[in-house]
Amino acid sequence: MINVTKPFLPPKEEYQKYIDDIWQRNWLTNNGPLVNELELKLKKKLSLKHLLYVSNGTMALQLAIKVLDLQGEIITTPFSYVATTSSIVWESCTPVYVDIEQKTLNINAKLIEKSITKNTSAILATHVFGNPCDIDTIDAIAKKHNLKVIYDAAHCFGTTYKGQSVLNYGDISCISFHATKLFHTIEGGAVVTQSPEVLKRLAYLRNFGHNGPYKFNGIGINGKNSEFHAAMGLCNLNYIDGIISKRKTDSLIYDKWLSSLNCQRPEINKQCEYNYSYYPVIFENEQECLAVLNELHKHNIYARRYFFPSLSTFDYVPKNQCKVSEDIASRILCLPLYYDLSGAEIDMICRYIKRYFQYR
Ligand SMILES: Cc1ncc(COP(=O)(O)O)c(C=O)c1O
């Protein structure tokens, strides 16, 4: 069976070494030494000023909304994972969708201003599949209208924009370290900010508001992560450059095979160094997309409709039709892409796809 993704696992002895140390210390969670080490190493690796390791990417988004004290309407993208929208609603704000660009699949920054009202407090945009949004336009609009900017950078480990980590943009960037991501800590995520003040408040929010054992600095939540999760991150960090370059090689094999088909691929931001986090393919219509999905299923290959459905179609958000997002969501597939995937397996996947197009 070939799944759309398969988590990278480091050599077991390397993880075991960390586990032995945890056993010896008997310090399992609550800002332990491995969590601290992971935070320091991530900041160094990605050249970030401030980063807090949290329990998952969704928690990162919710903490970001909370710490910026956002209220009312948040302008966001309909083409993302459900967590981008559910975090907004969970934090009692209203998502206002602005449709996406056909070419990049990111929020169409040129349409944002039309949707700003007196109730708008922020823009929450996703760098879809690790491909940076139109950051300059979004930042200019945010400055003009005094709005906060949060980037859902769940897919962005290793992506740079204008020579630095894309996580350095916006008031806060949120990343996911879920097992399906190219860098993972089993479950996990992080909030990244340039502001020491925001960082300080995030640290309180992440730990129930604790300011010492018996004092509390406002409301907080349990957004912490454990030593076991941090240990997996520390192991995986040693392999990340190889993981990204293997994905690049694999993506180029896909490109070669599929370039003759009439399929669209997202246009990658020219000012970025890309991380090859996914291999999305956009078919001509939904019927074609489903036929390819089924054809692959027959051979135990599980591509994934991602993102599907468009978030603008959910029943718990205000009705707001986003034609481009709904159309793209209906006909996009992410093809298998992971460290262990062999070139021969990619050849096989592509042969099945090409065969479908030849003989349909
Ligand atoms: C775009 C996007 N945002 C947010 C999340 C949520 O991250 P997590 O699963 O770590 O909570 C994901 C995870 O799949 C995602 O793809």
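In each ligand, atom 1 is the first atom listed, and ligand 1 is the first ligand listed.
- Considering backbone and side-chain atoms together, S80 places no N or O closer than 3.5 Å to any N or O of ligand 1.
- Close contacts of ligand 1 with G188, meaning ligand atoms under 4.0 Å from a residue heavy atom, involve 10 (O).
- Counting atoms of ligand 1 from 1 in the listed order, those under 4.0 Å from a heavy atom of Y306 are 14 (O), 16 (O).
- A side-chain N or O of K224 and one of N30 form a donor-acceptor pair less than 3.5 Å apart.
- Of the heavy atoms in Y278, none comes closer than 4.0 Å to ligand 1.
- Among all non-hydrogen protein atoms, the one lying nearest atom 4 (C) of ligand 1 is D152 OD2, 3.5 Å.
- Contact between F129 and ligand 1 is absent, with no heavy atom of the residue lying under 4.0 Å from the ligand.
- Taking a cut-off of under 4.0 Å to the non-hydrogen atoms of A83, the atoms of ligand 1 that pass are 4 (C), 5 (C), 6 (C).
- With hydrogens and angles left out, the side-chain atoms of S310 and S312 include a donor and acceptor closer than 3.5 Å.
- Under a 4.0 Å criterion applied to the non-hydrogen atoms of A154, ligand 1 contributes the atoms 1 (C), 2 (C), 3 (N), 4 (C), 12 (C), 15 (C).
- Not a single heavy atom of C174 sits closer than 4.0 Å to an atom of ligand 1.
- At a 4.0 Å cut-off, not a single heavy atom of M59 sits close enough to ligand 1 to count as contact.
- At a cut-off of 3.5 Å, with distance as the only test, a side-chain donor of N275 or T159 sits close to an acceptor on the other residue.
- Side chains of Y338 and N3: no donor on one and acceptor on the other come within 3.5 Å.
- At a cut-off of 3.5 Å, with distance as the only test, no side-chain donor of Q24 or N26 sits close to an acceptor on the other residue.
- Of the polar atoms of Y81, none of the N or O atoms is found under 3.5 Å from an N or O of ligand 1, judged by distance alone.
- Annotation: atom 11 (O) of ligand 1 to nearest protein heavy atom, T58 OG1, 2.5 Å.
- Regarding atom 14 (O) of ligand 1, its nearest protein heavy-atom neighbour is K181 NZ, 2.7 Å.
- Ligand 1 has at least one atom lying under 4.0 Å from a heavy atom of H155.
- Close N/O approach between E187 and ligand 1 is not found [any backbone or side-chain N/O within under 3.5 Å].
- Y302 and N300 form a side-chain donor-acceptor contact under 3.5 Å, judged by distance and modelled atom types alone.
- Judged purely by distance below 3.5 Å, without hydrogens or angles, the side chains of Y239 and E14 pair a donor atom with an acceptor atom.
- Each of the following atoms of ligand 1 lies closer than 4.0 Å to a heavy atom of S176: 7 (O), 8 (P), 10 (O).
- The shortest N or O to N or O distance between G57 and ligand 1 is under 3.5 Å.
- Of the N and O atoms on the side chains of T160 and Y274, not one donor lies less than 3.5 Å from an acceptor on the other residue.
- With no hydrogens or angles considered, a side-chain donor-acceptor pair links Y53 and T185 at under 3.5 Å.
- Within a 6.0 Å sphere centred on CG of D20, other residues, nucleotides and ligands contribute more than 12 heavy atoms.
- Because its NZ or CZ atom is both nearer than 6.0 Å to the ring centre of Y279 and within 45° of the ring axis, R265 counts as a cation-pi partner of that residue.
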